[in-house]
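So the structure is just underneath, and the comments pick up after that.
Order of listing sets the numbers, starting from 1, for every ligand and every atom in it. All residue numbers in this chain count up from 1 along the given sequence. The structure displayed is predicted, hence computed values, not measured ones.
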Amino acid sequence: MAEKLIIFDTTLRDGEQSPGASMTRDEKIRIAKQLERLRVDVIEAGFAAASQGDFDSIQAISSVIKDSVICSLSRSNERDISRAAEALISAPRKRIHTFIATSPLHMEKKLRMSPEAVFEQAKSSVRFARQFTDDIEFTPEDSSRSDLDFLSRVIETVINEGATTINFADTVGYAVPTLFGNMIKALRDRIPNSDKAIWSVHCHNDLGMAVANSLAGVTIGGARQVECTINGLGERAGNTALEEIVMAVRTRRDYFNFDVGIDTTQIVPTSKLVSQITGFIVQPNKAIVGANAFAHASGIHQDGILKARDTYEIMRAEEVGWAANKIVLGKLSGRNAFKQRLNELGMGLDSEVEVNAAFARFKELADRKSEIFDEDIMSLVSDEQQSHTKEYYQFISLSQSSETGKQPHAKVIFSIDGKEAMSESYGNGPIDAIFAAIESVTQTGAELSLYSVNAITAGTEAQGEVTVRLSKAGRIVNGIGADLDIIVASAKAYISALNRLHCKIKKLNPQL
Ligand code: KIV
Ligand code: ZN
């Protein structure tokens, strides 16, 4: 009998800690619903004590998700734990995930606490958390650089206090697979009550080994939960990529012999949704979810595939949801077909009014573009939902002119807090002129640190999706805009980034 490998998704918490990846409550709810469709076992919905926004998102996700366990991170103190418990109140299945750093370096330099004080705090926090739920996860942060004796003492004690999952973290992506697996095995062997908890791994990808380390933690160390994120999103170089873990275990079931509860056909739709909401583009050669992951460009390979698929293909594109990437609707499609496709994509809108508004956008797009793909639908629904949130800046229209030998000029009309504004500027190029025009009125002083354009689908008729990253006073935000005209998409993306900068909510990073 194959054992179950628990898939714990932390896209909404650790993934959101990537600079610029912050998401609104509604965006998080959309991702959480998609994660449930993907059938992840645990959704880490955020860090409740980080901000009122995080708290509200966890609370909202707790009341809409029925199947997955909902988890909130908390530092090891009573205030954080109480906040987490309060945010999780309506979740049918809830988990409190509490952590404290245990490596000598983190204890001395970051926490400025003695090992004894850390030990006591870990113990009392798990005891405190137990009054709210039986499902308690404890992470010794920076586990892989912690002392084995100290870790053993802490872990044995927190299990005695009621921790049900022990999450071994390679916080800085320093681990090497065999050593990492052996360290977990050594701990499990020497801690007398180690079998009273499920062991988990949480790996960062700084040396590109997060997936390999996680799998070593499972095979050598005996972990039965893997923490991961969609597209490997996460702090710095990111986390273990969910799609890679799941497909490795599934494709090499002969070796790993684990069951995962994931509906793999939802992998690509989930990847696209996360990429589209965060503005973090997936590199084409990314395993499983990259645009080229199943493209066989070389003639020899194509020939092999035609003779027998498994000559060069170890997985089927359809198995991970690439089949969904097809023409779905056109100009003649009716409202019912559109609504049904929305539901299939997991984008069921809350009211008929919203469906009508999205359908009107769809018709408008279908007039300009003959083939409408799933990605187009996802993008127009995002636009529609965004138009309901009272944004401080709102794009209205623009005109732009470029001619060889002349300096490009742009005129942009947008609203600021409901009042219409018009601005004009020249620039080095059309995009520069647009951004300069917007900046001349808004005077934000933000710096542009990334500008990228991606075609949402194939073909010259494709919509362009633009990501703009702005930074100001240490804050980094991403804005996304999509349109058939990439100049318009750029203006929308810039304004979307300004809105995120405008939102002043301060968020605590749990690990600082
Ligand atoms: O990387 C890490 O150590 C973490 C913990 C807070 C789980 O994200
Ligand atoms: Zn982490």
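The backbone N or O of Leu148 sits less than 3.5 Å from a side-chain atom of Ser152, completing a donor-acceptor pair. Between the side chain of Glu44 and the backbone N or O of Ile70 there is no donor-acceptor pair closer than 3.5 Å. Using modelled atom types, one side-chain atom of Thr240 and one backbone atom of Cys203 make a donor-acceptor pair closer than 3.5 Å.
With respect to Asp149 and Arg190, a salt bridge is recorded, a charged nitrogen being found less than 4.0 Å from a carboxylate O.
The cationic group of Arg153 lies under 6.0 Å from the six-membered ring centre of Phe119 and within 45° of the ring axis, placing it in a cation-pi geometry.
Aromatic ring pairs are classed by plane angle as parallel below 30°, tilted from 30° to 60° and perpendicular above 60°; the pair Tyr451 and Phe435 is perpendicular.
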Kindly print each ligand 1 N/O atom paired with any protein N/O atom under 3.5 angstrom away, one pair per line, or none if nothing qualifies.
{"residue": "ligand 1", "atom": "1 (O)", "partner": "His202", "partner atom": "NE2", "Å": "3.1"}
{"residue": "ligand 1", "atom": "1 (O)", "partner": "His204", "partner atom": "NE2", "Å": "3.0"}
{"residue": "ligand 1", "atom": "3 (O)", "partner": "Thr171", "partner atom": "OG1", "Å": "2.6"}
{"residue": "ligand 1", "atom": "8 (O)", "partner": "Arg13", "partner atom": "NH1", "Å": "3.3"}
{"residue": "ligand 1", "atom": "8 (O)", "partner": "Arg13", "partner atom": "NH2", "Å": "3.0"}
{"residue": "ligand 1", "atom": "8 (O)", "partner": "Asp14", "partner atom": "OD2", "Å": "3.0"}
{"residue": "ligand 1", "atom": "8 (O)", "partner": "His202", "partner atom": "NE2", "Å": "3.1"}

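For the Zn ion (ligand 2), the nearby protein N/O/S atoms, meaning those under 2.8 Å, are Asp14 OD2, His202 NE2, His204 NE2.
Distance check: Ser471 OG to Leu448 CG gives 8.5 Å after rounding to the nearest 0.5 Å.
Remark: Arg224 pairs with Glu3 by the side chain to side chain donor-acceptor pair (under 3.5 Å) rule, at least two apart or across chains. Applying the ring pair (Phe, Tyr, Trp, His ring centres under 6.0 Å) test to Phe132 and every residue at least two apart in sequence or in another chain returns Phe128.
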